[in-house]
Amino acid sequence: MTAAAPLLIAWAAGWFWVAALTAGRRAHGPSRWLLEIPLAFPVGAGGGSCLYFAFLAAGLNPFPAAVLADLIWLAAGVALWWKRGRRCAAPVEKPPGFRFAWIAWIALAVCGAFFLGAVYQGSTALPQGDRDAWAIWNLRAKFLASDGNWNGAAAPELIGRSHPEYPLLWSGFVAKAWAWTGRAGAGTTPMTAGAAAAISLILLLLGALWTVRDAVSGALGALVLMSTVTFWQYAMAQYADIPLSLFMLGALWSAVRAAGDEWDSPLLALSGLLASMAAWTKDEGLVFAAGLALAIVIAARKSALPWLLAALPAALIVALYKLLLAPPFKEWSLARLADVSRIPSIFTFFLDEFLSLGRFPSHPMLLLIVSAALLGFRRPVAQLWAVIPVATLAAGHFAAFYLSASDLQGRLSNAAGRIVLQMMPLLIFTLFLFLKSPDSAPATSNPKRKKR
Amino acid sequence: MSTQTTTATGARAIAAVAIVSALAVVASIEYYGLFEKLTSKSGDAYRIRNVVERFAQIPDRTGRAPRIGYFNDRTPGSVVQQSAATSAQFALAPQILILDDNRKDIEFWVGDFNAPRDFAGIGKVQGLDLVADLGQGVVLYRRGAGK
């Protein structure tokens with residue numbers, strides 16, 4: 001079996017889940033596929049990986065655990081789709097046309113071609129990924145793909161060389177694919193998975209903004225992401241940061257889309273599912289999931305229940321892992337609160353992070369500023385609650401640095417390049433959510449226009 | 001009655017799309033060039049394949065023991081020492097490398113050297129008997145009865 005086959009099985013399973021949970025709310029035409037195909041990847045990868053871990057913990061060997069996990073996730077997706085996913089799509093309002101959209105489409109095609117070329121080149125220079133890939137993520141995948149020593153992934157002896165306390169979704173996904181192929185440690189699997197995650201992230205940003213706003217906003221959002229140099233850098237690093245962004249963006253999109261449909265329960269469930277998978281991918285995902293849960297409870301109140309229920313299974317895995325298996329994490333100390341001299345260093349770090357996202361004049365922050373200045377903000381600004389999870393994530397990063405028990409400069413340099421990258425797709429999505437859509441028709445000033 | 005404004009039109013909208021598109025293309029060309037330069041300099045930058053090959057005989061020769069000892073000859077406490085241990089850990093996983101030489105319960109120990117040395121003598125100092133010199137600086141030891 002080739003490295004791509006287990007990934008495609010997971011992707012197919014994810015598509016049935018996405019199609020089922022977005023049924024009746026999906027758009028017509030290309031935006032549907034540009035949303036469903038990239039969103040299917042995290043749903044398929046995440047669901048299969050959670051089940052795989054549960055089966056390993058229950059005592060199954062890697063191969064039967066991998067086969068069962070993927071088949072059960074696929075069968076459940078097909079059953080759900082059969083029950084409700086084949087419904088006809090609801091007619092949607094035709095998005096406003098913009099005569100000059102072709103400019104963005106051509107740019108997107110050019111950028112996409114260069115990006116794919118760079119991904120191919122990166123695969124030859126880093127066949128086993130960047131340092132943290134083989135020191136953390138793929139190392140722990142080797143344990144999860146081994147007969148009888150899966151819990152070595154959380155062995156306290158690894159502290160100092162790896163991070164046995166980190167969540168295991170991405171390592172579990174790679175391990176599951178290795179278990180299918182019987183070639184644990186082969187670089188092609190995490191390389192293909194990493195590339196699939198990066199490409200899915202671009203397409204998801206495009207499709208997500210297209211479905212909640214318009215095609216050109218989606219294209220502009222994808223272009224801003226592709227002008228982020230750290231995104232290029234990490235696309236082939238085989239780290240969990242890009243998959244994490246994918247889960248978080250998927251969760252935020254589903255929540256925003258659900259809010260636009262009177263807190264549609266299946267979409268909220270999809271959001272909860274993806275947010276809890278983000279929590280099982282990295283600790284930052286846990287912070288994001290908490291922020292999104294808070295935002296949804298505030299905005300949706302009683303309607304938030306499907307979100308919470310869907311988040312429960314993966315949240316349970318995270319909780320049990322942290323309580324029973326992961327070595328204790330002694331990285332934070334409340335005594336650091338008194339050390340206010342850390343605050344300027346942390347702010348300087350964040351400033352450097354933003355500055356190093358690209359090079360002027362094509363720096364992504366400059367592109368966002370240009371977009372905001374020329375397009376302007378919608379009036380009134382709706383769905384402001386979407387900022388809460390993004391702000392929570394930023395605050396979580398700040399708190400993690402501020403309360404870090406270890407040397408601050410060392411921690412900051414270890415995190416360099418990844419922190420803002422994780423948040424970038426969320427920042428782009430939320431900003432374009434609040435910006436006006438480019439349109440060829442005279443400016444809309446319609447008192448009764450439906451809020452989307 | 002509140003007024004909603006949701007679209008931007010005219011020159012401002014065209015300018016936004018044109019500027020973002022043009023600059024993103026400039027960025028892509030620049031980053032591609034950057035990647036091309038970087039990748040042409042380094043094929044398999046961390047040489048992980050090479051590390052995996054060096055330690056390939058260890059699992060079978062240690063009976064796939066879940067935990068084996070490990071030490072190397074790099075400067076103690078240096079980044080190089082830690083990097084060597086980390087890459088060896090990846091190569092040997094799912095065997096867990098124990099770096100604490102006080103662990104008496106560990107039977108097999110792997111020496112990772114970057115230059116020819118008196119491997120048997122180094123082992124003896126630590127109470128380890130040389131089992132095999134596996135080449136490329138990889139030496140397998142077994143805890144002797146004396147330690």
Side-chain angles (χ1 to χ4, degrees), chain A residues 96 98 100 103-104 106-107 110-111 114-115 117-118 121-122 124-128 131 134-135 138-139 142-143 146 149 152 155 157-158 161-162 185 216 220 223-224 226-227 229 232 358-359 361-362 367 370-371 374-376 378-380 436-447 449, chain B residues 1-36 38-49 51-52 64 66-67 82-83 85-87 89-100:
Chain A
F98 181 62
F100 298 92
I103 300 173
I106 290 174
V110 173
C111 293
F114 278 114
F115 180 76
Q121 299 224 359
T124 57
L126 295 169
Q128 296 283 352
R131 190 184 182 283
W134 46 266
N138 296 343
L139 166 68
K142 282 187 84 175
F143 286 105
S146 71
N149 202 18
E157 289 99 334
L158 294 178
R161 270 168 286 153
S162 188
V216 183
L220 293 181
L223 285 170
V224 176
M226 280 197 284
S227 67
V229 72
W232 288 58
R359 291 163 75 160
S362 49
L367 302 195
V370 166
S371 304
L374 291 172
L375 296 175
R378 289 171 171 248
R379 298 277 188 277
K436 291 178 191 169
S437 303
D439 195 359
S440 300
T444 313
S445 184
N446 181 355
R449 184 154 184 156
Chain B
M1 188 188 292
S2 68
T3 302
Q4 290 189 17
T5 313
T6 57
T7 55
T9 55
R12 290 172 76 94
I14 298 168
V17 173
I19 292 171
V20 171
S21 300
L23 291 179
V25 168
V26 169
S28 296
I29 293 169
E30 192 182 354
Y31 300 159
Y32 180 81
L34 207 67
F35 259 70
E36 202 173 29
L38 282 174
T39 52
S40 63
K41 278 182 192 163
S42 59
D44 192 0
Y46 292 104
R47 301 180 183 281
I48 293 296
R49 270 185 204 151
V51 179
V52 171
R64 301 191 178 269
R67 282 168 170 75
Q82 204 187 353
S83 290
T86 306
S87 54
Q89 177 62 82
F90 176 76
L92 288 167
Q95 291 184 296
I96 296 169
L97 299 187
I98 304 297
L99 275 60
D100 176 5

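Quick note on labels: first sequence line is chain A, next is B, and so on, each numbered from 1. Bear in mind that the values here come from a model prediction, so they are computed numbers and not experimental data.
- Ranked by heavy-atom pairs under 4.5 Å with chain B, the list A:Val229, A:Ile106, A:Val224, A:Val216 is led by A:Val229.
- Taking the side chain to side chain contact (heavy atoms under 4.5 Å, CB included) definition, one finds that B:Glu30 meets it with A:Arg359, A:Ser362, sequence neighbours left out.
- Applying the ring pair (Phe, Tyr, Trp, His ring centres under 6.0 Å) test between A:Phe114 and each of B:Tyr31, B:Phe35, B:Tyr32 identifies B:Tyr32 as the sole match.
- Neither the backbone nor the side chain of B:Arg64 comes within less than 4.5 Å of any heavy atom of chain A.
- In this structure, chain A has heavy atoms under 4.5 Å from both the backbone and the side chain of B:Leu97.
- Between B:Phe90 and B:Val51 the shortest side-chain heavy-atom distance does not fall below 4.5 Å.
- For a residue to count as touching a neighbouring chain, one of its non-hydrogen atoms must lie under 4.5 Å from one of that chain's; by this rule A:Leu158 touches chain B with the side chain only.
- At a 4.5 Å heavy-atom cutoff, B:Ala22 makes no contact with chain A through either its backbone or its side chain.
- Counting heavy-atom pairs under 4.5 Å between each of A:Ala104, A:Gly152, A:Gly376 and chain B puts A:Ala104 at the top.
- Looking only at side-chain heavy atoms (C-beta outward), B:Ser87 and A:Trp134 come within less than 4.5 Å of each other.
- At distances below 3.5 Å, not a single donor-acceptor pair connects side-chain atoms of A:Lys142 with backbone N or O atoms of B:Leu92.
- Considering only heavy atoms from C-beta on, B:Ser28 comes within 4.5 Å of A:Trp232 through its side chain.
- Residue A:Phe115 does not touch chain B at all, counting heavy-atom pairs closer than 4.5 Å.
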